[in-house]
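What follows is a short report on a single structure.
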Amino acid sequence: MNDENEPSQLSEDEKKLFEDLMPEDLEEILDSGVNRRHFLKLMTLAGGGVLAAHSAVAEQLLTKPLNPLPTEFASATLENGVNVSLKVNGTTRKLMVDSRMTLLDTLRERLELTGSKKGCDHGQCGACTVIVNGQRVLSCLTLAASCEGKRVQTIEGLAQGDTLHPMQAAFLKHDGFQCGFCTPGQLCSAVALMDEAKNGHASYVTENVRKQAGAVQLSNEEIRERMSGNLCRCGAYPNIVAAIQEVHSGKPVEQTFRFSA
């Protein structure tokens, strides 16, 4: 029996399929097996009808499980390895990472928490926002090594089992997303925003930043300002504001969209 880390054996028909349709990937497939990228290529070819002549073989391939991504990295492959222990969504995770590895890449590539998205990778779009020790941070600009001993909450940790977080439920009610790419960051940012308002944190539109204030009653303008670091390329901003306002105020907010009869 092959070791679980060895690539699964391909039949001659499967090799012929890849040789005919994906010759540029054949060497990699024979060496390490079929991965997610190869699978998506096959799906694209299937959608275009190119697999018609190989339908039986393609069906067999597409129903096979993908080779699992390695979850452990040999320390010898890291040039600047450091041991990091952090609590992610309530579970302590200990691993060795490159000292230059970002929190975003650690979450996605090492811990397989792919909800946090890599958008611009320059800290400008907010798609990678997670909550660290109760504060929202841009995980693409945060080194994993700097999170030693800290609590990290990602989009995967907002719901409690099958019960959605109130902010998630509000986003669903108000249609606060379209393509959904920015939604994990929007939700994490919105959840952290609630605590910021509760603790009286000032924003750019606060009238008097020197005045010690208690909990802030957020206006729609305040919400827009405090969420301005999270970009939505679909333009669902009014619905996002409505969802946050409903959770913040605890009162139903009229939905801002209507369906045609």
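Side chains are part of it too, since the values below use all heavy atoms of this structure and drop only hydrogens, waters and symmetry mates.
- For the pair Arg110 and Asp105, the salt-bridge criterion is not met [side-chain N within less than 4.0 Å of a carboxylate O].
- With sequence neighbours excluded, no residue forms a salt bridge (Lys or Arg N to Asp or Glu O under 4.0 Å) with Glu27.
- Grouping Ile, Leu, Val, Met, Phe, Trp and Tyr by side-chain contacts under 4.5 Å, direct or through others, puts Leu231 with Tyr237.
- Judged by distance alone, the side chain of Ser139 and the main-chain N or O of Thr129 form no donor-acceptor pair under 3.5 Å.
- Partners of Lys87 by side chain to side chain contact (heavy atoms under 4.5 Å, CB included), not counting sequence neighbours, listed by chain and number: Thr92.
- A side chain to side chain donor-acceptor pair (under 3.5 Å) with Ser203 is found for one member of Glu222, Glu225, Glu221 and no other, namely Glu222.
- Considering only heavy atoms from C-beta on, Met227 stays 4.5 Å or farther from Val241 through its side chain.
- Residue pairs meeting the salt bridge (charged side-chain N to carboxylate O under 4.0 Å, His left out) criterion with at least one partner in residues 154-171, sequence neighbours excluded, do not occur; the list is empty.
- Counting only heavy atoms from C-beta outward, the side chains of Val247 and Val191 never approach each other to under 4.5 Å.
- Hydrophobic cluster membership is shared by Val130 and Leu95, with clusters built from Ile, Leu, Val, Met, Phe, Trp and Tyr side chains linked at under 4.5 angstrom.
- The backbone N or O of Pro23 sits nowhere less than 3.5 Å from a side-chain atom of Glu19 that would complete a donor-acceptor pair.
- The closest side-chain heavy-atom distance from Asn83 to Lys94 is not below 4.5 Å.
- Environment of CD in Glu148: crowded, with over 12 heavy atoms of neighbouring residues, nucleotides or ligands closer than 6.0 Å.
- Atom CD in Gln186 sits 11.0 Å away from atom CG in Leu193 (nearest 0.5 Å).
- Minimum interatomic distance between Asn239 and Gly176 (heavy atoms only, all atoms of both residues): CB-CA, 3.9 Å.
- Residue pairs that meet the salt bridge (charged side-chain N to carboxylate O under 4.0 Å, His left out) test with at least one member in residues 233-252, sequence neighbours left out, are Lys173-Glu246.
- Between the side chain of Asn230 and the backbone N or O of Gly126 there is at least one donor-acceptor pair closer than 3.5 Å.
- Other cluster members for Tyr204: Val205, joined by side-chain heavy-atom distances under 4.5 Å among Ile, Leu, Val, Met, Phe, Trp and Tyr.
- Judged as a side chain to side chain contact (heavy atoms under 4.5 Å, CB included), and not counting sequence neighbours, the contacts of Gln168 are Ile155, Leu158, Ala159, Leu164, His165, Leu187.
- Residues Asn89 and Val152 are not in side-chain contact: their nearest non-hydrogen atoms beyond the backbone lie 4.5 Å or more apart.
- Taking 4.5 Å as the limit, every side-chain heavy atom of Thr154 sits out of range of all side-chain heavy atoms of Pro184.
- A distance of 5.0 Å separates CD1 of Ile131 from SG of Cys188, quoted to the nearest 0.5 Å.
- Put simply, Val132 and Leu104 are part of two different groups of oily side chains (I, L, V, M, F, W, Y) that touch within less than 4.5 Å, one to the next.
- Not counting sequence neighbours, the partners of Leu141 by the side chain to side chain contact (heavy atoms under 4.5 Å, CB included) test are Leu138.
- Under the side chain to side chain donor-acceptor pair (under 3.5 Å) criterion, Arg100 pairs with Asp98, not counting sequence neighbours.
- By the 4.5 Å heavy-atom criterion applied to side chains, Ile240 and His174 are not counted as neighbours.
- No donor-acceptor pair closer than 3.5 Å links the side chain of Asn199 to the backbone N or O of Ala215.
- Between Arg226 and Val216, some side-chain heavy-atom pair lies under the 4.5 Å cut-off.
- In this structure, Met96 and Val84 have side chains that are not in contact, with every pair of non-hydrogen atoms separated by 4.5 Å or more.
- Glu112 and Arg108 are not joined by a salt bridge, as no carboxylate oxygen comes within less than 4.0 angstrom of a charged side-chain nitrogen.
- Here the shortest heavy-atom pairing between Phe171 and Phe177 reads O-CE2, 3.9 Å.
- With values rounded to the nearest 0.5 angstrom, Cys125 atom SG is found 11.0 Å from Lys118 atom NZ.
- Residues passing the side chain to side chain donor-acceptor pair (under 3.5 Å) test with Lys198, sequence neighbours excluded: none.
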Check: Could you go step by step and tell me if Val82 and Val97 meet the side-chain contact (heavy atoms from CB on, under 4.5 Å) rule?
Finding: CA-CA 6 Å; Val82 293; Val97 298; 3.9 Å; yes
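- Minimum interatomic distance between Gly123 and Cys140 (heavy atoms only, all atoms of both residues): N-SG, 3.3 Å.
- The two residues Phe181 and Ala127 make their nearest non-hydrogen contact at CE2-CB, 4.1 Å.
- The heavy-atom pair separating Leu86 from Cys147 by the smallest distance is CB-O, 3.7 Å.
- By the 4.0 Å N-to-carboxylate-O rule, Glu12 lies close enough to Lys15 to be salt-bridged with it.
- Residues Leu103 and Leu143 do not share a hydrophobic cluster, defined by chaining ILVMFWY side chains whose heavy atoms lie under 4.5 Å apart.
- Met101 and Leu107 fall within a single hydrophobic cluster, where Ile, Leu, Val, Met, Phe, Trp and Tyr side chains are chained together by heavy-atom contacts under 4.5 Å.
- Scanning for side chain to side chain donor-acceptor pair (under 3.5 Å) contacts around Arg136 gives Ser189, Glu196, with sequence neighbours left out.
- Heavy-atom minimum distance, Met167 versus Ala243: SD-O, 4.3 Å.
- Annotation: side chain to side chain donor-acceptor pair (under 3.5 Å) contacts of Asn220 (sequence neighbours excluded): Gln245.
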